[in-house]
Asks: 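Dropping a structure here in structure tokens format, bear with me for questions.
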Number of protein chains: 2
Amino acid sequence: MAKVSFREQVLRAREDAIVSSVNRLLAEKGFDLMTVDEVAADVGIAKASLYKHFTSKEELAAAAMIRILERALAFLEERATQSAEAPAIEQLKAVARWTMQVQLAGEMPSLPAQNSSLRAALTTNKAYIDRLMEVSDRLGSWITAAQEAGALNPALPPEVILYTLFARACDPVLGLLKLTGQYSDEQIIDLLLGTCFDGLAKR
Amino acid sequence: MAKVSFREQVLRAREDAIVSSVNRLLAEKGFDLMTVDEVAADVGIAKASLYKHFTSKEELAAAAMIRILERALAFLEERATQSAEAPAIEQLKAVARWTMQVQLAGEMPSLPAQNSSLRAALTTNKAYIDRLMEVSDRLGSWITAAQEAGALNPALPPEVILYTLFARACDPVLGLLKLTGQYSDEQIIDLLLGTCFDGLAKR
DNA sequence: GTCTATATCAAGATAGAC
DNA sequence: GTCTATCTTGATATAGAC
């Protein structure tokens with residue numbers, strides 16, 4: 001009994017290591033340029049062993065997306081409890097800040113929106129869809145609350161705001177600014193939080 | 001003499017057709033998923049003939065980028081002459097609107113920022129770099145002018161604004177909103193122009 | 001479940017005739 | 001310069017031994 005549990009723990013740990021590698025490689029090179037050989041080499045196991053855990057490259061990517069969504073959910077949960085009194089707009093800014101921090105840390109997997117085999121794998125992956133909906137729901141309630149509180153522009157359809165927040169989580173502008181070497185990570189985040197919520201125009 | 005000129009015209013027309021196909025396919029599927037076979041089939045010539053005109057897939061992409069940059073330059077030139085009296089902020093909004101229209105028309109080639117062989121080909125392509133700098137310079141002068149006029153946030157470094165405008169030209173939010181089918185193209189553009197310049201927060 | 005070795009195939013690029 | 005046919009490579013995925 002204990003033996004089986006231990007085996008499962010080892011299995012989990014290995015799969016965890018795989019997903020970590022995939023996550024980092026997806027953040028670095030993107031789905032199309034990431035190869036399964038690379039993943040296997042990075043984890044330190046044979047490619048065939050990888051395929052015992054995950055049946056395809058798309059499944060690997062889906063696992064990484066599920067992990068990042070779960071990290072996001074954990075963050076949302078923490079904010080909802082420990083900072084429950086904070087106004088909705090501050091919750092949303094905190095989330096946006098968190099996504100930018102993840103991206104600057106090289107831990108935000110970025111998938112091409114166009115790849116159809118990948119899209120098919122994701123849209124039929126219940127675990128992924130469930131978490132995506134959960135994140136969307138939680139953000140959605142903060143969005144409408146912030147609009148009602150007069151903090152977010154009420155003329156914007158909530159889904160426009162939601163999509164925009166998702167998009168800013170993988171905004172290429174972060175990478176461009178980091179490349180210039182002129183700004184610290186915190187400066188970059190503050191600048192982009194500003195352009196996102198306050199716009200380019202003077203207030 | 002006339003014969004040579006005619007031949008060259010035919011050649012140009014063919015290359016133009018090639019670049020048009022590449023441009024559309026890049027907008028549809030992106031660089032990694034676009035295949036040279038596809039391009040050849042779309043143009044209606046053999047793949048080997050393609051390689052007589054362009055020496056690599058990267059060169060094809062570069063040609064498409066050069067074309068879109070030249071279209072952008074033509075637009076900038078037109079605004080600078082025919083609407084020379086318009087305030088800089090309006091010029092910038094007009095440019096942003098134009099890029100979104102191009103994107104919604106399925107004519108905005110989108111290249112992955114991560115592909116290194118492509119990056120190498122682009123950064124060593126003088127024609128591409130020249131046009132990119134030209135576009136950046138023209139936008140840059142409008143940006144500083146708009147900041148001095150108090151229309152754009154003067155606390156933002158100009159390059160942050162420049163990068164943001166470039167990024168919005170291929171913002172995935174446009175495609176997401178179009179997918180919902182709830183908005184007309186003009187509505188989408190107005191919404192995103194609003195979030196870009198005025199931000200998500202209420203003014 | 002892990003490995004080595006290999007099948008399979010798609011895609012970039014080229015040879016050589018016309 | 002265009003074509004057909006082919007080369008070559010790299011990457012997903014699998015077979016089969018242990």
Side-chain angles (χ1 to χ4, degrees), chain A residues 3-19 21-22 25-26 28-64 111-112 114-122 125, chain B residues 3-19 21-22 25-26 28-64 111-112 114-122 125:
Chain A
K3 218 171 181 180
V4 170
S5 169
F6 176 70
R7 270 198 183 171
E8 282 212 356
Q9 260 191 339
V10 171
L11 204 69
R12 286 281 169 112
R14 169 138 300 179
E15 295 198 345
D16 206 61
I18 294 173
V19 177
S21 285
V22 170
L25 289 170
L26 280 182
E28 265 178 34
K29 333 181 58 170
F31 181 78
D32 294 318
L33 270 63
M34 178 189 80
T35 72
V36 179
D37 291 83
E38 242 172 351
V39 177
D42 194 66
V43 179
I45 63 176
K47 185 164 51 167
S49 306
L50 251 190
Y51 278 97
K52 297 284 183 181
H53 293 277
F54 300 91
T55 64
S56 69
K57 184 184 177 183
E58 283 77 14
E59 283 298 311
L60 282 174
L111 303 183
Q114 296 142 328
N115 189 321
S116 55
S117 75
L118 180 57
R119 278 198 78 80
L122 286 179
N125 188 317
Chain B
K3 219 172 180 180
V4 170
S5 169
F6 176 71
R7 271 198 182 170
E8 282 211 356
Q9 259 190 340
V10 171
L11 204 68
R12 287 281 168 110
R14 170 138 297 180
E15 295 198 344
D16 206 62
I18 294 173
V19 177
S21 285
V22 171
L25 289 170
L26 280 181
E28 265 178 34
K29 335 181 58 170
F31 180 78
D32 294 318
L33 270 64
M34 178 189 81
T35 71
V36 179
D37 291 82
E38 242 173 350
V39 176
D42 194 66
V43 179
I45 63 176
K47 183 163 55 167
S49 304
L50 251 190
Y51 277 97
K52 297 286 181 178
H53 292 277
F54 299 92
T55 63
S56 71
K57 186 184 178 184
E58 284 78 12
E59 284 297 310
L60 283 174
L111 303 184
Q114 297 143 326
N115 188 320
S116 55
S117 75
L118 181 57
R119 277 198 79 81
L122 286 179
N125 188 317

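Below, each value reflects all heavy atoms present in this structure, side chains not excepted, and no hydrogens, waters or symmetry copies.
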Asks: Return the value, rounded to whole Å, for the distance between atom CG of A:L33 and atom C1' of D:dG10.
Replies: 12 Å

Asks: Run the side chain to side chain contact (heavy atoms under 4.5 Å, CB included) check on B:E59 and B:N125 step by step: do they pass?
Replies: CA-CA 9 Å; B:E59 284 297 310; B:N125 188 317; 4.1 Å; yes

Asks: At less than 4.0 Å, is any side-chain N or O atom of B:S49 found next to OP1 or OP2 of D:dC3? Yes or no.
Replies: yes

Asks: First locate atom CG of A:L33, then atom CG of A:L25, and finally report the distance between them rounded to the nearest 0.5 Å.
Replies: 11.0 Å

Asks: Check every strand shown and say whether B:K57 touches a base, only sugar-phosphate, or nothing at a heavy-atom separation below 4.0 Å.
Replies: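 Here B:K57 touches the backbone only, sparing every base.
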
Asks: Roughly how many Å is it from NE2 in B:H53 to P in D:dG1, rounded to a whole number?
Replies: 7 Å

Asks: Are A:R14 and C:dT2 close enough that a side-chain N or O sits under 4.0 Å from OP1 or OP2?
Replies: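 So the side-chain polar atoms of A:R14 do come within 4.0 Å of the phosphate oxygens OP1 or OP2 of C:dT2, strictly under.
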
Asks: Students often get this wrong, so: under 4.0 angstrom with heavy atoms, is B:T55 touching a base, only sugar-phosphate, or nothing?
Replies: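 Nothing: the residue B:T55, judged by heavy atoms under 4.0 Å, touches no strand.
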
Asks: Are the side chain of B:K57 and the backbone N or O of B:F31 linked by a donor-acceptor pair below 3.5 Å?
Replies: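 Answer holds: yes.
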
Asks: Please give, in whole Å, the distance from D:dT2 C1' to B:E15 CD?
Replies: 14 Å

Asks: Quick one: is D:dA13 close enough that its OP1 or OP2 comes under 4.0 Å of any side-chain N or O from A:Y51?
Replies: yes

Asks: Contact class for B:T35 (heavy atom, under 4.0 Å): base, sugar-phosphate, or nothing?
Replies: sugar-phosphate

Asks: Start at the 5' end of DNA chain D and walk down; is the nucleotide closest to A:D32 or to A:A48 reached first?
Replies: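 The 5'-side residue here is A:D32.
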
